[in-house]
Protein chains: 2
Amino acid sequence: MSTQAAEGLRGRKKRQTRTALGHAAVRLVAEHGLDHVTVEDISAAAGVSPRTFFNYFAGKEDAVLGPDPEAGPRMRARVLAAPAELSAAAAVRDALLAEVAAELADDRELWLQRMRVVQQHPVLLAKVFSGGEVVERELVAGIAERVGLPADDTYPLLLGAAAGAAFRVAIARWAGTATPLHVLLAEAVDMLAHGLAEPHRD
Amino acid sequence: MSTQAAEGLRGRKKRQTRTALGHAAVRLVAEHGLDHVTVEDISAAAGVSPRTFFNYFAGKEDAVLGPDPEAGPRMRARVLAAPAELSAAAAVRDALLAEVAAELADDRELWLQRMRVVQQHPVLLAKVFSGGEVVERELVAGIAERVGLPADDTYPLLLGAAAGAAFRVAIARWAGTATPLHVLLAEAVDMLAHGLAEPHRD
DNA sequence: TCACAAGTGTGCACGGTCTGCAAACTTGCA
DNA sequence: TGCAAGTTTGCAGACCGTGCACACTTGTGA
């Protein structure tokens, strides 16, 4: 729900091809496993040539993960737009929760299947992290701007990295339980805000 | 300084070849950039055949990073061996600092060059993360055991992930400043322990 | 001393990944 | 209708990574 207006017939078809490739990649890998699926398979399933595949994605992994280039700027904007009375940590917390809500609303089923595939293929996990790195960089920039520190200061870097950590942990737990993602994410973020103190035991 | 005794001539040569390949990889990539260096180049510089290269490393990236399979178990042991009166977070803090000290003492110059190379090649960053993931898993197991929670509970997962985040931030800052790594790492860990509260301004 | 088992290095072949290039083809617009 | 710009595609080529078979080295026990 970001750039749907004034796209023209050209852009529309491009977007269609891209999502067709992405969906095919997730489905095929879920069915046959990552290294029993070739770029040729994915292209065929999406009805384009293998060469065209590489016009859209850098490789199999990218197609499965379908990285969102707007996620970084969005997080940055969210952090900067948060009410001024909130602490930076609280602003990041809210930004994370809002982002998760928006992402899931977009394409819930695909997301879940994607996560399942990622859990089964450590190679994909690596790509997720490096993708998260790009987002994290923008997030760090937003935090730095908000608190008035340079972007290479420990505080913005660490808050950004911690946000990434909380996100990953929430995702990991989500894949194994029935608890809603936003609950798990809030739990993780709150734990960070309390200095990682040991939780009370039953 | 872990398994140097009773190695035999066989094992010694194997280790030599491995480090020769690793060093050649770091040096060549530092000189010419990651994708202007082929496996053939690295093998030639180390005096072995390209086929042999793949007996040691899964690819260029692995050779550059020289992953340490013992790092995970070591961290786990450190966390479990920490004095009982320490909190889990403090135990992790000490384990991190001890690990850094040991690693750097081992081969300081290579480490620094490696980090510089990694900063310039996001692809390598991805591998660092996935490598860190393996270590993190062990660390999480240690934390879980120490505090008596299951390893898939939020607390151990998050503390492990946060430790990884602090480590990465410290490394990133270290590559850009003259501050000793252990100081940066302590700063980051303390910031986490204080709930990521905004630091005092000058 | 010798021979043999196990471990290590190497060449070869093969399928897969990814890129550059140039030739079609399609779309948007005058 | 016709042109400019964008998209798809095939082709060639470099590189990656693995399986396999064979040569060579090392350690060991007869």
Side-chain angles (χ1 to χ4, degrees), chain A residues 3 5-22 24-26 28-29 31-67 121-124 126-127 130-131, chain B residues 3-26 28-29 31-67 121-124 126-127 130-131:
Chain A
T3 54
E7 272 262 300
L9 219 159
R10 269 255 232 294
R12 188 179 314 275
K13 252 198 169 170
K14 223 165 125 75
R15 195 163 294 263
Q16 274 179 359
T17 305
R18 186 182 179 87
T19 68
L21 282 169
V26 172
L28 287 176
V29 171
E31 275 177 31
H32 306 113
L34 186 60
D35 29 48
H36 289 68
V37 173
T38 69
V39 168
E40 198 178 346
D41 297 334
I42 301 173
S43 316
V48 296
S49 80
R51 185 63 187 82
T52 296
F53 174 93
F54 288 106
N55 289 340
Y56 285 91
F57 297 104
K60 266 190 282 193
E61 297 85 357
D62 252 45
V64 170
L65 299 178
H121 297 281
V123 191
L124 290 178
K127 297 274 179 180
S130 69
Chain B
T3 54
Q4 76 275 46
E7 271 262 300
L9 219 162
R10 269 250 235 294
R12 188 178 312 276
K13 255 202 169 169
K14 221 166 128 75
R15 195 164 294 265
Q16 275 179 359
T17 305
R18 187 182 178 86
T19 69
L21 282 169
H23 285 223
V26 172
L28 287 176
V29 171
E31 275 176 32
H32 306 112
L34 185 61
D35 29 51
H36 290 67
V37 173
T38 68
V39 169
E40 197 177 347
D41 297 333
I42 301 173
S43 316
V48 295
S49 81
R51 186 61 189 84
T52 296
F53 174 93
F54 288 108
N55 289 341
Y56 285 91
F57 296 104
K60 264 190 287 193
E61 297 84 357
D62 253 44
V64 170
L65 299 180
H121 296 283
V123 191
L124 290 178
K127 296 275 177 180
S130 69

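Reckoned from all heavy atoms, side chains included, excluding hydrogens, waters and symmetry mates. Per chain, numbering begins at 1; letters A, B, ... match sequence-line order.
For the pair B/Lys60 and B/Phe53, the cation-pi criterion (under 6.0 Å, within 45° of the ring axis) is not fulfilled.
Nucleotide C/dT8 holds its C1' atom 16 Å from the CZ atom of B/Arg15, rounded to whole Å. One interatomic measurement links the two molecules: CZ of A/Arg51 to P of C/dA24, which rounds to 17 Å at whole-angstrom precision. Regarding B/Arg12, its CZ atom lies at a distance of 15 Å from the C1' atom of D/dG27, rounded to whole Å. One can place CG of A/Asp35 at 12 Å from C1' of D/dT18, the figure rounded to the nearest angstrom. One can place CZ of B/Arg18 at 16 Å from C1' of C/dG9, the figure rounded to the nearest angstrom. Whole-Å rounding puts the B/Asp41 CG to D/dC16 C1' distance at 13 Å.
A heavy-atom distance below 4.0 Å to DNA chain D is reached by these residues of residues 52-65 of chain B, ordered by number: B/Phe54, B/Ala58, B/Gly59, B/Lys60.
If you check D/dT9, C/dT8, C/dT10 against the side chain of B/Lys14, the one that comes closest is C/dT8.
Put simply, A/Lys13 has a side-chain N or O that comes within less than 4.0 Å of OP1 or OP2 on C/dT27.
Separating the NE2 atom in B/His121 from the CG atom in B/Leu34 is a distance of 5.0 Å, to the nearest 0.5 Å. A/Leu124 CG to A/Asp62 CG: the interatomic distance, rounded to the nearest 0.5 Å, is 10.0 Å.
Contact check for B/Phe57 versus B/Val39: no side-chain heavy atoms found under the 4.5 Å cut-off. Two residues are said to be in side-chain contact when any heavy atoms from C-beta on lie closer than 4.5 Å; B/Gln16 and B/Lys13 meet this criterion.
Counting only residues at least two apart or in different chains, salt bridge (Lys or Arg N to Asp or Glu O under 4.0 Å) contacts with residues 31-41 of chain A comprise A/Arg27-A/Glu31.
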